[in-house]
Structures are given as structure tokens and as C-alpha cells.
There are 2 protein chains.
Amino acid sequence: MSTKDRLVEAGLRLLESEGPESLNARKLAAEIGASTMTVYTHFGGMAGLYEALLRQAFVRFGQALAAVEHTDDAVADLLTLGLAYRDFASASPQRYRLMFGVTAPGSSIAPPHDLTEEGSPGGIPEASATFDELREAVQRALDTGRIDGDDPVAIAAQFWSMIHGFVLLEMSGYFGTEGGGVTTVLAPHATNLLIGLGDDPAAVARSVRSARERFGDGAGPPHPGSRTPDVRRGPRPGRTSGRR
Amino acid sequence: MSTKDRLVEAGLRLLESEGPESLNARKLAAEIGASTMTVYTHFGGMAGLYEALLRQAFVRFGQALAAVEHTDDAVADLLTLGLAYRDFASASPQRYRLMFGVTAPGSSIAPPHDLTEEGSPGGIPEASATFDELREAVQRALDTGRIDGDDPVAIAAQFWSMIHGFVLLEMSGYFGTEGGGVTTVLAPHATNLLIGLGDDPAAVARSVRSARERFGDGAGPPHPGSRTPDVRRGPRPGRTSGRR
DNA sequence: TTGCTATCCATAACATAGTTACGGCATGGT
DNA sequence: ACCATGCCGTAACTATGTTATGGATAGCAA
């Protein structure tokens with residue numbers, strides 16, 4: 001593996017294991033047994049390295065989302081995509097924060113380096129794949145008549161707001177540390193949103209069950225070091241079906 | 001005003017005007033005509049100063065949310081709260097990021113200083129007022145029979161995910177720079193969520209109109225320096241009422 | 001072979017940031 | 001009068017990004 005790739009690899013690893021404050025030139029160089037100059041030889045500086053990390057993070061995120069299979073049930077696909085999204089963020093919170101600027105680009109606080117250009121949207125082309133995946137899933141749900149609407153982009157943005165807000169609040173610990181937020185908050189939220197978009201409550205419930213089964217019940221595949229003991233518990237959430 | 005207060009004041013001002021990278025001891029001290037030592041005399045270091053900034057930011061955020069009046073229409077109140085929330089974040093994006101990004105408990109990204117102790121939820125008591133306001137608004141909507149459910153906390157968390165995700169994506173530029181995201185994404189999302197929670201589509205539409213009128217149409221009161229030219233435009237969003 | 005060039009890398013120094021050591025000065029209590 | 005305490009400044013220390021400079025190697029040409 002090239003020195004360049006080894007630096008990116010070490011960067012992603014260090015970011016997750018020791019936090020963003022450890023993403024400095026000296027520690028990074030030591031990690032691959034080189035001097036700090038390698039950062040400048042290959043990336044022109046820390047900003048270039050951050051951009052490479054960002055790019056690689058988005059590539060892997062895109063792969064994780066693209067791995068979700070398409071079935072007859074477009075809504076279940078959409079929900080499964082959400083679970084995959086949440087799973088990625090949950091497994092790599094620092095990486096997720098880096099990607100979406102809660103830690104970096106848009107403005108934010110973290111690397112004193114300013115990838116401030118535009119943030120991720122324009123700067124990192126790989127980022128758009130994330131939203132494309134979501135938009136297409138929404139389009140399929142529209143095409144199969146499960147939900148109503150004429151602007152898939154606007155609807156996808158609603159789902160994105162939901163999942164993005166959820167994962168950030170969840171990783172900030174606002175939903176407890178047991179990982180039950182999926183059952184308590186995310187699943188009911190998605191259910192309510194889908195009902196509001198015109199899907200049938202019973203059909204939504206079926207799709208939710210389908211998605212959670214496909215994804216190992218939303219706790220996601222076991223990540224080494226991720227503690228998500230039991231999701232099926234706690235009080236019944238907001239309201240998941242039926243009308244008044 | 002005490003030196004301590006002047007430092008916090010200058011910190012909040014510098015944060016918004018020049019970005020978080022300007023929040024350093026030397027620039028801060030120069031701002032109030034003192035030496036860097038004042039930071040250590042009054043706050044014990046930059047971490048202490050950050051915590052003071054965080055606390056003050058949450059106090060003002062809480063005040064902004066508490067200023068939303070209670071009316072007969074609990075759902076309109078809830079929506080107005082959301083507009084006030086978005087307005088605060090939109091007017092002070094750096095402050096909002098500081099509050100919810102850097103603050104993270106478990107993982108935290110933080111300025112190189114680590115308030116990592118516990119983060120905001122436990123660490124900053126003022127932070128809980130934010131969610132309380134939201135939870136109570138949801139409770140009133142439940143009490144007046146507008147929406148169904150037995151767990152106001154879970155429902156409030158759904159609204160919080162929605163608005164938190166929205167403002168972060170919006171300030172990252174994913175919804176365009178014209179501020180039209182409220183009409184295109186946030187309002188339809190809230191509408192769909194409320195319908196999913198059992199409210200009547202027509203009643204939701206009335207409450208949405210009411211809230212936007214109360215809040216100057218969701219663009220918020222004009223902030224000096226905030227550019228939100230025209231919100232009424234663009235394509236019709238996802239679907240805002242009716243059932244199939 | 002010899003020499004030239006380009007690339008990669010290391011050593012060392014520089015600038016800036018947070019931080020600490022230390023001393024001065026004022027205020028207030030004894 | 002004397003000292004204790006608190007606030008503040010100067011200067012130095014450390015860590016980090018960055019730059020200057022030179023060496024080593026590979027590839028190519030004469």
C-alpha cells in the first residue's frame with residue numbers, strides 16, 4: 001500500500017479510536033513510521049489530508065448504503081436504507097461527524113484548518129451519492145404508489161433531516177446509551193412520516209417489520225465495541241398506526 | 001460589566017463573526033484589551049471559557065424558545081416553537097454548532113481542549129430546558145386531543161430529530177442558500193409527522209398557516225446580516241394534506 | 001559510466017496556540 | 001504598618017502546523 005493510502009488509513013483509524021484531536025501531523029506520521037513531512041509531500045498540508053479523509057469516508061458511506069438491496073417493497077427498502085445509514089453513523093460516530101461538518105467543514109469547530117470552502121456538498125463530489133441513494137428509494141416508493149407527492153427531492157430531504165438529526169442526537173447521548181432510540185424514536189418517526197405521506201398504516205407496519213428483520217432488528221450487525229444490548233424493550237413509542 | 005462577562009460576550013461575538021478558529025486566548029484577550037492571562041484567572045483555561053460560552057448560549061437559546069407564547073392551538077404553538085428554534089440556529093449557526101456539536105458527551109469532538117467530561121446533557125444543566133420546552137408543547141398537543149400517543153418524550157424526540165437535522169443540513173447548504181428549505185422541507189415534514197400522529201390534515205394546515213403568520217412566515221424576524229430574501233417560492237413540497 | 005532530473009523523505013527551524021511561572025499592584029483586614 | 005488575597009501582565013515552555021533545506025533513490029539521456 002502506498003504511503004498516501006497508509007496515511008489515510010491511519011487517519012481514519014486514529015480518528016475513530018482516539019478522537020479528532022489526535023488527528024495531527026506528528027501523531028499521524030509516527031503511526032506509519034514517517035516524518036511529518038510526508039503529509040506535505042502527499043497532501044500539501046493537513047487540509048489536503050482532511051479532504052482525502054472526507055472523500056474516503058464518503059466513499060465507504062456510499063458503499064454501505066448502496067449495499068442495501070432493492071425488493072418489491074419500496075418502503076421497506078427505504079426504511080432499511082435508514083437503518084443502514086444509522087448503523088454506519090453509530091459504528092463510526094467521529095467519521096460521521098467529520099463528514100457532515102458537525103466537526104469540520106461547513107464552519108464548525110474542529111480542525112483548525114478550514115476546509116471552509118463550501119463544506120462537504122460542493123467540495124466533495126462523493127457526498128452527493130449519499131443523497132442520490134435516498135432520493136431514488138423515495139422515487140421507487142412514489143412509483144409503486146405507496147406514498148404521494150410530486151417532489152421526490154423534497155420528500156427525501158425530509159427523510160434525511162429525520163435520520164441525520166436522529167443519529168446526531170443519538171450519538172450525543174440524548175436518547176440514552178442503550179441504543180433503544182431506534183425503537184423509541186426513529187421507527188415511530190419514520191412510521192408517522194410515511195403515514196403522513198399517504199401510506200397505509202398497516203402497510204407501513206409490515207414494511208417496518210420487514211426492514212428490521214432484514215437488518216437484524218435495527219440494532220445492526222454486531223460491531224465490535226458497540227454496545228447495543230437489547231432493543232426490544234421500553235415503553236411503547238408515540239403512535240405507530242391507526243387514526244382517530 | 002465584569003471582565004469575566006466581557007470575555008464571554010466577546011467570545012460569543014467573535015465566534016459568530018469570525019468563526020470558531022478565532023476563539024483563541026490571544027485574540028479574545030486583545031478584544032477586551034487584556035492579556036491572555038485573564039482567561040486563566042477567570043476560567044482556568046480555554047476549556048472553562050468554552051463551558052461558560054456553552055452555558056450562556058444555552059441560556060439565550062432557552063430564552064428564545066420560552067418567548068414563544070401559548071395559545072389555544074397547541075399544534076400551532078409547537079410549530080411556532082420549531083420556527084423559533086430554526087430561527088435561532090439560522091441566525092447564529094456557529095453558536096448552534098458549538099452547542100450541539102462540540103458539546104457531545106460520549107464521543108465529543110470538541111475544541112482541542114476537551115470539555116469531554118460529560119458533554120452538555122449532564123454537564124450543562126441549562127441544556128435540558130431546550131428539550132423541556134419541546135416536551136411540554138407536545139404534552140399540550142396531546143392534552144388537547146390534537147395528536148395521539150402515550151409517550152410525550154418519544155414524540156418530542158421525533159420533533160427534535162426533525163428540527164435538529166433540518167437546521168444542520170440547512171446551514172451546511174444542502175437546501176440551497178435562499179432559505180427556502182422551510183417551505184420545501186421543514187413545513188411539509190412537520191405536517192406529515194403531525195398527520196402521522198393523528199392530527200387532522202385540515203387542522204394541521206390551519207395551524208401551519210397560523211404559526212407562519214405568528215412568526216413572520218417562518219423566515220423569522222429580519223436578522224441583520226442574515227440573508228433570507230424570499231421564502232414563498234419554489235416548487236410545491238412533498239404533500240401536505242389529504243389521504244389516499 | 002556519468003550526469004541530470006524528479007520524487008520522496010528527514011532534519012531542523014519558524015510561527016502560532018494553549019499554558020505556566022513568576023512578579024507587581026491594589027485592596028482589605030489585622 | 002504589615003500581610004494576605006485577588007487580578008493582571010511579562011515572559012517562557014510546550015505542542016502543533018508549516019516551511020526551508022538537503023540527502024537518497026530511481027529513471028533517463030548522453
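Order of the sequence lines fixes the chain letters, A, B, ..., with proteins taken first and strands second; residue numbering starts at 1 for each chain. Predicted, not measured: the structure shown is a model, and the values here were computed from it.
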Step-by-step side-chain contact (heavy atoms from CB on, under 4.5 Å) determination, B:Ser161 to A:His189: CA-CA 9 Å; B:Ser161 296; A:His189 189 168; 4.1 Å; yes
Side-chain N,O (B:His42) to OP1/OP2 (D:dC8) below 4.0 Å: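 Checking B:His42 against D:dC8: at least one side-chain N or O falls below 4.0 Å of OP1 or OP2.
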Any B:Thr3 side-chain nitrogen or oxygen under 4.0 Å from OP1 or OP2 of D:dC8: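 Yes, within the criterion.
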Among C:dG18, C:dC8, C:dT11, the nucleotide that comes nearest once only the side chain of B:Asn24 is considered: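 Minimum distance to the B:Asn24 side chain belongs to C:dG18.
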Minimum-distance nucleotide (side-chain atoms of B:Ala25 versus D:dC7, C:dG18, D:dG9):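 Among D:dC7, C:dG18, D:dG9, the one nearest the side chain of B:Ala25 is C:dG18.
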Sugar-phosphate only, base, or nothing, as touched by B:Thr41 at under 4.0 Å among non-hydrogen atoms: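 B:Thr41: base contact, heavy atoms under 4.0 Å.
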Touch class at under 4.0 angstrom, heavy-atom based, for B:Ser35 against every strand present: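 Base contact - B:Ser35 has a heavy atom under 4.0 Å of at least one base atom.
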Separation of [X] atom [atom1] from [N] atom [atom2], in whole Å?
X: A:Tyr40; N: D:dT19; atom1: OH; atom2: P; answer: 7 Å
X: A:Leu23; N: D:dG17; atom1: CG; atom2: C1'; answer: 14 Å
X: B:Phe43; N: D:dC8; atom1: CZ; atom2: C1'; answer: 15 Å
X: A:Leu28; N: C:dC9; atom1: CG; atom2: P; answer: 14 Å
X: A:Glu21; N: C:dG18; atom1: CD; atom2: P; answer: 16 Å
X: A:Met46; N: D:dA15; atom1: CE; atom2: C1'; answer: 13 Å
X: B:Asp5; N: D:dC7; atom1: CG; atom2: P; answer: 13 Å

Side-chain donor-acceptor contact under 3.5 Å, B:Trp160 with B:Tyr85: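 Side chains of B:Trp160 and B:Tyr85: pair found under 3.5 Å.
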Heavy-atom protein contacts under 4.0 Å, nucleotides 20-27 of chain D, coded B base, S sugar-phosphate only, - none: B-------
Ring centroid separation A:His164 to A:Phe159 under 6.0 Å: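 No, ring centres 6.0 Å or more apart.
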Check: B:Phe166 ring centroid to B:Tyr174 ring centroid under 6.0 Å: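 Between B:Phe166 and B:Tyr174, the centre distance exceeds or equals 6.0 Å.
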A:Val182 vs A:Phe175 side-chain heavy atoms within contact, under 4.5 Å: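 SC-SC contact between A:Val182 and A:Phe175 ruled out.
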First of A:Arg26 and A:Ala34 reached from the 5' end of DNA chain C, by closest nucleotide: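 Comparing both residues, the 5'-ward one is A:Ala34.
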Most 5' of A:Thr36 and B:Lys27 on DNA chain C, judged by nearest nucleotide: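 This one resolves to A:Thr36.
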Set of residues satisfying salt bridge (charged side-chain N to carboxylate O under 4.0 Å, His left out) with respect to A:Arg60, sequence neighbours excluded: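 Testing A:Arg60 for salt bridge (charged side-chain N to carboxylate O under 4.0 Å, His left out), a comparison that skips the adjacent residues, returns A:Glu9.
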Please output the side-chain donor-acceptor pairs of residues 32-39 of chain B that fall under 3.5 Å, not counting sequence neighbours, one pair per line with the distance.
{"residue": "B:Ser35", "atom": "OG", "partner": "B:Met37", "partner atom": "N", "Å": "3.3"}
{"residue": "B:Thr38", "atom": "OG1", "partner": "B:Ser35", "partner atom": "O", "Å": "3.0"}

